[in-house]
Amino acid sequence: MLDDNITTSKEIHRQTGKTFYYATRLLPERIRKPTYVLYGFFRIADEVVDQADGLPPEAQYERLESFRAKALGEEPADDDVLSAFQSLHERTSIRDADVNTFIDAMEQDIERDRYETYEDLEAYMRGSAVAVGNMMLDVMDPEQKETARPHAASLAEAFQLSNFLRDVGEDISEYGRIYLPLETLEQFGASEEDIVQRRATESLKAAMRAEMARTERLYRDGVAGIRYLPDDCQFAVLLAAVLYADHHRQIRQVDFDTIGRDANLSRARKLYLIAKTWWHWRKHRDPETTFYAVSAIPEDASMRGPHPESVAENVMPATHD
């Protein structure tokens, strides 16, 4: 990979990777540069379907299919980002299946904007999140890769779900999308119309709490696998988990109203969490101990949120307000 190509991907990462960029900078150089390349590729593909003044659907499909062919080395790359990814793909164990699954998920965003069940959303995340985690894992290439892989999948899904919970208002206003499963909304007496009309009802907040509980279980499983990563990569991945999970603290602070209120982390908050996580890491040298000492997610099983199904049995559906 030429340095100029990496520089382009790094700049994309710096400008758009609101949370992940902080953690990426703490990876060892042999992993940090490929991570910039991966993120650059993910971002340009995502932008095809997320631009407000985007191409018509037929042109979006055509563009993504071109990205697929270039990423897999079937066509010559014609820009820095794709050239860098093509080179990375050739010299690492990144699997064609993960590239294809990722592009398939981007294409799904062109015409699908609702998910009836969590299983439907999970199928989407196999491309938008898990394939991304798999590629990162293949770049790190730990000794116990296959042991680490299911944990990496859980962590990738947790990151994605935290973004969905944080960005409910942005996703509907800018892209017309709802990523909360419609069946969860229905369980609590909420509806997609609450989101479309930007009504932060008590029923919608209950659905948000249930999905947050589901997400936090994924964090626990994901963080349990950080120990299988190379020693010099563990802190950076742990920090990413702490930063993404802190959005849950912010979401609680805005009373689960991410339709009309901002749940992003400030730069000062991120810097504070970096320092606090580093202090506990130096003290414990254990990913799980450090995560529970710092993060917004409790370790104690008695404090963990129940499954959405069990929550529904104990929540009186509120009327729309």
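Because only heavy atoms are used, hydrogens play no part in the values below, and waters and symmetry mates are left out as well, while side chains stay in.
For the residue pair Ser154 / Tyr219, no side-chain donor-acceptor distance below 3.5 Å is found, with atom types taken as modelled. Inspection of the Thr184 and Glu211 side chains reveals an N or O donor paired with an N or O acceptor under 3.5 Å. Between Asp104 and Thr101, the side chains place no donor N or O within less than 3.5 Å of an acceptor N or O (distance only, hydrogens not considered).
With sequence neighbours excluded, the residues forming a salt bridge (charged side-chain N to carboxylate O under 4.0 Å, His left out) with Arg269 are Asp246, listed by chain and number. Qualifying ring pair (Phe, Tyr, Trp, His ring centres under 6.0 Å) partners for Tyr118, counting only residues two or more places apart in sequence or in other chains: none. Taking Tyr244 as the reference, Phe159 meet the ring pair (Phe, Tyr, Trp, His ring centres under 6.0 Å) condition, with sequence neighbours excluded. By the ring pair (Phe, Tyr, Trp, His ring centres under 6.0 Å) test, Phe164 pairs with Tyr179, sequence neighbours left out.
Using a 4.0 Å cut-off between charged side-chain N and carboxylate O, Asp141 and Lys145 make a salt bridge. In this structure, Asp262 does not pair ionically with Arg166, as no charged nitrogen and carboxylate oxygen lie closer than 4.0 Å.
Atom-to-atom distance recorded for Ser203:OG and Gln187:CD is 12.0 Å, nearest 0.5 angstrom. Considering CG of Leu243 and OG of Ser162, their distance stands at 11.0 Å, rounded to 0.5 Å. For the atom pair Leu204 CG and Leu185 CG, the distance stands at 6.5 Å (nearest 0.5 Å).
When the shell of 6.0 Å around CZ of Arg63 is examined, it contains 12 or fewer heavy atoms from other residues, nucleotides or ligands. In the displayed structure, Glu193 atom CD is contacted under 6.0 Å by more than 12 heavy atoms of other residues, nucleotides or ligands. With a 6.0 Å radius and a threshold of 12 heavy atoms from other residues, nucleotides or ligands, Glu47 has its CD atom above the threshold. Residue Arg32 places its CZ atom among more than 12 non-hydrogen atoms of other residues, nucleotides or ligands, all under 6.0 Å distant. Within a 6.0 Å radius of CD in Glu192, other residues, nucleotides and ligands contribute more than 12 heavy atoms. The neighbour count for Gln253 CD, taken as heavy atoms of other residues, nucleotides or ligands under 6.0 Å away, is above 12.
Val130 and Leu229 fall into different hydrophobic clusters, where Ile, Leu, Val, Met, Phe, Trp and Tyr residues are linked whenever their side-chain heavy atoms come under 4.5 Å apart, directly or through other members.
Between Arg198 and Ile259 the shortest heavy-atom distance is NH2-O, 2.6 Å.
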Task: Derivation and outcome, ring pair (Phe, Tyr, Trp, His ring centres under 6.0 Å), residues Phe41 and Phe67 - done: CA-CA 9 Å; Phe41 172 65; Phe67 284 178; 7.0 Å; no
Would you list the atom pairs, donor with acceptor, under 3.5 Å between side chains in residues 274-283 and any protein atom, with sequence neighbours excluded?
residue: Thr277; atom: OG1; partner: Leu273; partner atom: O; Å: 2.6

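For the ring-ring contact (aromatic ring centres under 6.0 Å, His included) condition, no pair includes a residue of residues 196-215, sequence neighbours left out.
Applying salt bridge (charged side-chain N to carboxylate O under 4.0 Å, His left out) to Arg68 and the options Glu74, Glu75, Glu107, Glu62 leaves one that passes, Glu107.
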